[in-house]
Amino acid sequence: MVDQITSRLSSVKFRKRMDRGFRCASTGLLLGAMSGLIILILQRTNVLADSSAPWFVLMSATVLAFFVGILWPTSWQSVARLVDSACGLKDRSVSALDFSRRPKLDELQTLQIQDTIQHLDTIDAKQVVRWTIPRLTIPGILTTGLMLVVAFFPGTNNTAVASAPEAIPVVLEQAQLLEETMLEDLKQLAEENKDEELMELAEQLEAAIEEMKQPEVDEREALASLSEMQQAITVAMEQLNVEQVDAQMKEFAQAMEAAKATQAASQAIESGEYEKAAEELEKIDASSMERKDREAVTANLAKLSKKLGEAKKGQLSQAVSEMLEGLENEEFSKCKSGMCKAAGVCRKQGTKKSICECLGCQLNRLAECKGACQCNKSGPNEKVAKSDSPSNNWGTGKSGQPTGDEKTKLDSTRREENVTGISGDGPSERETSTTLEARQDASRNYKERYAQFKKEMEQVLDSEPLPLGHRETARKYFESIRPKNGEEDK
């Protein structure tokens with residue numbers, strides 16, 4: 001019985017839910033349009049950044065309200081009451097629906113249910129629920145139109161474009177400089193040594209440089225990024241532990257200098273030539289050493305092994321222990337193995353040292369870029385006048401004439417005389433003071449010396465934290481004494 005009644009009321013229920021969905025959607029359209037209009041106005045006044053948020057709010061509010069309306073629970077009792085009211089059935093549908101849910105029915109109730117079903121067969125759902133335009137639809141459409149006017153009104157986007165932040169020139173210049181110098185050097189070094197940690201450091205610095213290029217980055221944020229890069233490089237240098245291992249390697253060199261066969265390796269370690277030291281260590285043959293030399297080296301290695309063992313120095317400690325055991329027991333193959341391990345430690349230390357030197361150069365570059373950003377200047381200051389006022393521009397001045405304003409005056413008198421004589425019999429001598437070949441040779445030597453000292457100057461600028469003005473003075477001096485093209489032909 002219940003199914004027979006609800007099946008006849010289902011079309012009315014569907015139209016009722018759809019009608020409620022449309023009315024809720026009109027309300028959502030109005031609210032969404034009002035919210036979107038407010039967001040658009042804030043965007044046009046540069047309070048908020050331009051985005052698609054206004055239209056998203058409009059669509060989301062409308063669609064969400066529609067689905068809330070149609071999915072809101074609708075009882076069969078309310079549908080039956082609506083049918084009775086619209087069709088004048090005088091509560092027949094409500095009563096029949098109530099009787100059909102009872103477990104037992106008498107004859108009168110059964111007849112009433114059948115009579116109600118006959119009346120429900122004649123009803124038209126369109127007449128019961130008439131679809132009309134919700135009253136909030138027109139205000140919602142008008143507000144949406146106003147949104148379109150605000151969004152596409154001529155000239156509304158000019159303010160946002162004109163007020164877009166621009167990158168500070170000096171920050172952008174320093175970021176590009178770091179990318180072309182520091183980043184390329186680190187990537188090349190990481191690839192040559194196949195060092196994953198160094199490659200990760202390069203990627204970290206690359207991300208920081210990209211952040212510096214963003215238009216919204218100001219001077220303070222750029223300095224913070226540079227400080228973060230300095231911190232990352234400093235941590236990487238500390239992890240290499242170059243100085244401590246250097247000290248241990250020098251102690252190892254002192255222990256090895258007691259024998260003639262090991263003196264070459266010892267001297268190479270002392271001078272920091274680790275690649276040469278590794279080659280010399282691999283050449284050593286303990287069996288060819290004199291007993292006296294072996295005993296001296298053994299005694300020194302025993303002291304060093306005890307010291308390294310207490311400090312737990314890893315690979316170097318293992319190499320020394322193996323060398324010591326081989327010399328004490330005259331197992332020369334084991335001693336040779338220890339020598340090879342020590343050679344490996346030397347090569348590894350040489351690589352670490354080169355990496356550390358490269359990182360030190362990058363630190364100096366970062367310091368130079370930091371000074372340029374702090375002074376908000378891309379280059380040195382031309383003013384070198386004395387000032388007693390405090391300033392952040394210390395060290396940015398450069399000398400205009402590093403070679404002097406005037407040429408050197410030679411207070412002397414020169415006189416050229418041609419001495420003539422009468423040629424006759426007897427011995428004679430001739431001396432040529434100047435020739436074209438000599439001038440060409442002097443010019444070539446000058447170019448070679450210039451290239452040598454300019455290279456040394458660039459190395460110093462990369463490795464020493466010199467002020468900007470001093471750096472520019474040095475570069476300008478070398479530019480002023482640079483050999484001219486074709487000078488050797490004069």
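Among the candidates Leu301, Leu304, Val297, the single residue satisfying the side-chain contact (heavy atoms from CB on, under 4.5 Å) test with Met323 is Leu301.
Counting heavy-atom neighbours within 6.0 Å of Tyr450 OH, excluding the residue itself, gives a total above 12. Surrounding CE of Met34 are at most 12 heavy atoms belonging to other residues, nucleotides or ligands under 6.0 Å away. Other residues, nucleotides and ligands contribute at most 12 non-hydrogen atoms within 6.0 Å of the CD atom of Glu290.
In terms of heavy-atom proximity, Cys346 sits nearest to Leu281 at SG-CD1, 3.8 Å. Minimum heavy-atom separation, Ala258 to Asp293: O-OD1, 4.0 Å. Of all non-hydrogen atoms in Ile70 and Gly21, the two that sit nearest each other are CG2-CA, 3.7 Å. Contact detail for Cys356 and Val242: the closest heavy-atom pair is CB-CG2, 3.8 Å. When all heavy atoms of Ser287 and Asp285 are compared, the closest pair comes out as OG-OD1, 2.7 Å. Considering every non-hydrogen atom in both Gly28 and Ala65, the closest pair reads CA-CB, 3.9 Å.
Between the side chain of Lys336 and the backbone N or O of Ile284 there is at least one donor-acceptor pair closer than 3.5 Å. Side-chain atoms of Ser480 come within 3.5 Å of backbone atoms of Tyr477 as a donor-acceptor pair (strictly under, hydrogens ignored).
In this structure, the side chains of Glu270 and Gln254 come closer than 4.5 Å at one or more pairs of heavy atoms. Here the side chains of Lys303 and Lys306 are not in contact, with every heavy-atom distance at 4.5 Å or above. Side-chain atoms of Phe66 and Val63, non-hydrogen and from C-beta on, never get closer than 4.5 Å to each other. You'll find the side chain of Lys353 stays beyond 4.5 Å of the side chain of Val245, heavy atoms only. Within the 4.5 Å cutoff, the side chain of Asn300 has no heavy atoms near those of the Phe252 side chain. In this structure, the side chains of Leu316 and Gln349 stay at 4.5 Å or more apart for every pair of heavy atoms. Counting heavy atoms from C-beta on, the side chains of Gln267 and Glu257 never come closer than 4.5 Å. Proximity of Tyr274 to Met249: side-chain heavy atoms (C-beta onward) are separated by under 4.5 Å at one or more points.
Distance check: Leu58 CG to Thr144 OG1 gives 5.0 Å after rounding to the nearest 0.5 Å. Between the OG atom of Ser52 and the CE atom of Met59 there is a distance of 12.0 Å, given to the nearest 0.5 Å. If you take CD on Glu279 and CZ on Arg347, they are separated by 6.5 Å, rounding to the nearest 0.5 Å. A distance of 4.0 Å separates CD in Glu322 from NZ in Lys341, rounded to the nearest 0.5 Å. Within the model, atoms CD of Glu330 and CZ of Arg294 stand 5.5 Å from one another, a figure rounded to the nearest 0.5 Å. Considering CZ of Arg44 and CD1 of Ile41, their distance stands at 10.5 Å, rounded to 0.5 Å.
Residues that satisfy the side chain to side chain donor-acceptor pair (under 3.5 Å) test with Glu280, not counting sequence neighbours, are absent from this structure. Residues passing the side chain to side chain donor-acceptor pair (under 3.5 Å) test with Ser288, sequence neighbours excluded: none.
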Please report the C-alpha distance between Phe56 and Ile39 in whole Å, then the side-chain angles of each, then the deciding distance to 0.1 Å, and finally whether the side-chain contact (heavy atoms from CB on, under 4.5 Å) criterion is met.
CA-CA 11 Å; Phe56 177 77; Ile39 296 175; over 6 Å; no
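The pair Lys334-Glu328 does not count as a salt bridge, with every side-chain nitrogen at least 4.0 angstrom from each carboxylate oxygen.
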